[in-house]
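Read through the structure below, which is laid out as structure tokens, and then see the notes.
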Amino acid sequence: MEKYMKTIGIIGGFGPEATAQFYLQLIKQCRAVSDGQQPHIIVRNVSVPRKLEHDALVLGKNLDQFAPLLTSAAKELERAEADIITLPCNTLHIHEDAIRTSVRVPFVSIITASAQFLRTKNIIRVGLLGSRVTIQNNLFKQNTPDITFITVDQRLQKQIDRALDLFVGSQNPVRLRAALTDALSFLTKNGVHDLLLACTDFHCLCPNKTNIRVHDTLDILVHATINML
């Protein structure tokens, strides 16, 4: 790693807990590969109206209203001299192109990084857990058309969406843990041995099961960002 590292710009707030976990993991991993040196990090925490969050998570509506919030944050990070920019949120990567074109500095994509990870691991069949927007759009599939993605049924997806919305609004993880547990049981019964945890708010909330390997997109993005340094 270079003696003088680049500055990482984080578009945060989607949600704050995931942003905090991403920040902490960046520091931990950077220290591990740079003889204890901490990275230069700038966080632009975006304040999102609660109704807008609810509409996106539960109804999959008004997603276009996030685009100006994301591009504005990216531009502010660039003006603050961030060398690379990233967004620890799978759902809002539906606006990845808008973010990329709004700045001149590189954008580290959680979608691209995760797709590359799956290819590197030679995973051709994987369970996919995320918000309804992530599942419906499945940007991962666009990057890896040769991989089969297995999702939960509509009833379980609604359970996940409502629990995620509750977690984002109250930080109470009980219902989200229960929903993820039910989802893992469903996927296991359907012969899934690898799982892509495609929501950074799920980080540390997914139960451990010996018969399924969990690949967390937040961890994947951390490694991809560190590699950019």
- Under 3.5 Å: donor-acceptor pair, side chain of Arg100, backbone of Pro106: no
- Qualifying salt bridge (Lys or Arg N to Asp or Glu O under 4.0 Å) pairs with a residue from residues 162-175, counting only residues at least two apart or across chains: Arg50-Asp165
- Item | Any side-chain heavy-atom pair of Asp161 and Leu59 under 4.5 Å | no
- CG of Asp64: more than 12 outside heavy atoms within 6.0 angstrom? yes
- Task: To the nearest 0.5 angstrom, please state how far the CD1 atom of Ile135 sits from the CD1 atom of Ile160.
- Result: 7.5 Å
- Task: Mark yes or no for whether Thr86, through its side chain, and Ile10, through its backbone, hold a donor-acceptor pair below 3.5 Å.
- Result: no
- Roughly how far, to the nearest 0.5 Å, is the CZ atom of Arg213 from the CG atom of Asn208? 14.0 Å
- Task: For the pair Asp194 and Ile212, evaluate side-chain contact (heavy atoms from CB on, under 4.5 Å) and give the outcome as yes or no after the intermediate values.
- Result: CA-CA 6 Å; Asp194 287 278; Ile212 190 166; 6.0 Å; no
- Query: Taking all atoms of both residues into account, what is the closest heavy-atom pair of Glu78 and Arg104, and its distance?
  - Reply: OE2-N, 2.7 Å
- Message: Do Leu229 and Cys30 make a side-chain contact, defined as non-hydrogen atoms from C-beta onward lying under 4.5 Å apart?
- Response: yes
- For Arg44 and Gly12, indicate whether the former's side chain and the latter's backbone hold a donor-acceptor pair under 3.5 Å. no
- Task: Flag yes if more than 12 heavy atoms outside Phe149 fall under 6.0 Å of its CZ atom; otherwise flag no.
- Result: yes
- Query: Which distance, rounded to the nearest 0.5 Å, do you find between the CD1 of Ile147 and the CD1 of Ile124?
  - Reply: 8.5 Å
- Hey, are the side chains of His40 and Lys6 touching, using non-hydrogen atoms and a 4.5 Å cut-off? no
- Mark yes or no for whether Asn190, through its side chain, and Val192, through its backbone, hold a donor-acceptor pair below 3.5 Å. no
- Query: For the residue pair Cys206 and Leu184, what are the closest heavy atoms and their distance?
  - Reply: SG-CD1, 3.5 Å
- Message: Suppose we screen for side-chain hydrogen bond (donor to acceptor under 3.5 Å, both in side chains). Which residues come up paired with Thr19, at least two apart in sequence or across chains?
- Response: none
- Item | Taking every non-hydrogen atom, the tightest pair across Ala80 and Ile42 | O-CD1, 3.4 Å
- Message: Using every non-hydrogen atom in the two residues, find where Asn143 and Ala115 come nearest and quote the distance to one decimal.
- Response: CB-CB, 3.6 Å
- Message: Donor-acceptor pair, distance only, cut-off 3.5 Å: does the side chain of Thr112 make one with the backbone of Val108?
- Response: no
- Query: Between Val126 and Ile123, does a side-chain contact (heavy atoms from CB on, under 4.5 Å) hold up when you go through it step by step?
  - Reply: CA-CA 7 Å; Val126 62; Ile123 296 172; 3.9 Å; yes
- Query: Below 4.5 Å, heavy atoms only, C-beta onward: do Phe22 and Leu26 meet side chain to side chain?
  - Reply: yes
- Got a donor-acceptor contact below 3.5 angstrom from the Asn137 side chain to the Leu139 backbone? no
- Query: Any donor-acceptor pair under 3.5 Å linking the side chain of Ser114 with the backbone of Ile111?
  - Reply: no
- When the aromatic ring centroids of His95 and Phe66 are compared, is their separation below 6.0 Å? no
- Message: Please tell me whether His193 and Asn211 have a donor and an acceptor in their side chains that are separated by less than 3.5 angstrom.
- Response: no
- Query: Any donor-acceptor pair under 3.5 Å linking the side chain of Asn138 with the backbone of Lys141?
  - Reply: yes
- Item | Distance, nearest 0.5 Å, that separates NZ of Lys61 from CG of Leu52 | 11.5 Å
- Query: Within the distance-only criterion (no hydrogens, no angle test), does the side chain of Asp83 pair as donor or acceptor with the backbone N or O of Thr7 below 3.5 angstrom?
  - Reply: yes
- Query: How long is the span from the NE2 atom in His54 to the CG atom in Asn62, to the nearest 0.5 Å?
  - Reply: 11.0 Å
- Query: Is Glu81 atom CD crowded by more than 12 heavy atoms from other residues, nucleotides or ligands, each under 6.0 Å away?
  - Reply: no
- Note on the structure: Note: Cys199 and Thr217 closest approach over all heavy atoms is N-OG1, 4.0 Å
- Message: With a sphere of 6.0 Å drawn around CD of Gln154, does it hold more than 12 non-hydrogen atoms of other residues, nucleotides or ligands?
- Response: no
- In terms of side-chain heavy atoms, does Asp153 have a donor or acceptor partner in Gln157 at a distance below 3.5 Å? no
- Task: Could you pull out the closest heavy-atom pair between Ala18 and Pro88, with the gap in Å?
- Result: CB-O, 4.4 Å
- Side-chain contact, heavy-atom cut-off 4.5 Å: Phe107 with Val103? no
- Query: Between Ser131 (side chain) and Thr134 (backbone), is there a donor-acceptor pair under 3.5 Å?
  - Reply: yes
- Query: Can you find a pair of side-chain heavy atoms, one from Leu70 and one from Phe14, that are under 4.5 Å apart?
  - Reply: yes
- Stepwise side-chain contact (heavy atoms from CB on, under 4.5 Å) test for Ile11 and Val46: CA-CA 7 Å; Ile11 303 174; Val46 180; 4.1 Å; yes
- Item | Atom CG of Asp146 with >12 non-hydrogen neighbours under 6.0 angstrom | yes
- Message: If you apply the rule side-chain contact (heavy atoms from CB on, under 4.5 Å), what do you find for Leu195 with Ile150, and how did you get there?
- Response: CA-CA 9 Å; Leu195 169 66; Ile150 311 300; over 6 Å; no
- Query: Is there a path of hydrophobic side-chain contacts, each under 4.5 Å between heavy atoms of I, L, V, M, F, W or Y residues, that connects Val214 with Leu218?
  - Reply: no
- Query: Does a side-chain heavy-atom distance below 4.5 Å link His93 with Ile110?
  - Reply: yes
- Answer with yes or no whether the hydrophobic clustering places Ile94 together with Leu129; edges join I, L, V, M, F, W, Y residues whose side-chain heavy atoms lie under 4.5 Å apart. no
- Item | Atom pair CZ/CG of Phe167 and Asp201 - distance to nearest 0.5 Å | 5.5 Å
- Query: Does the side chain of Leu180 reach to within under 4.5 Å of the side chain of Phe202, using non-hydrogen atoms?
  - Reply: yes
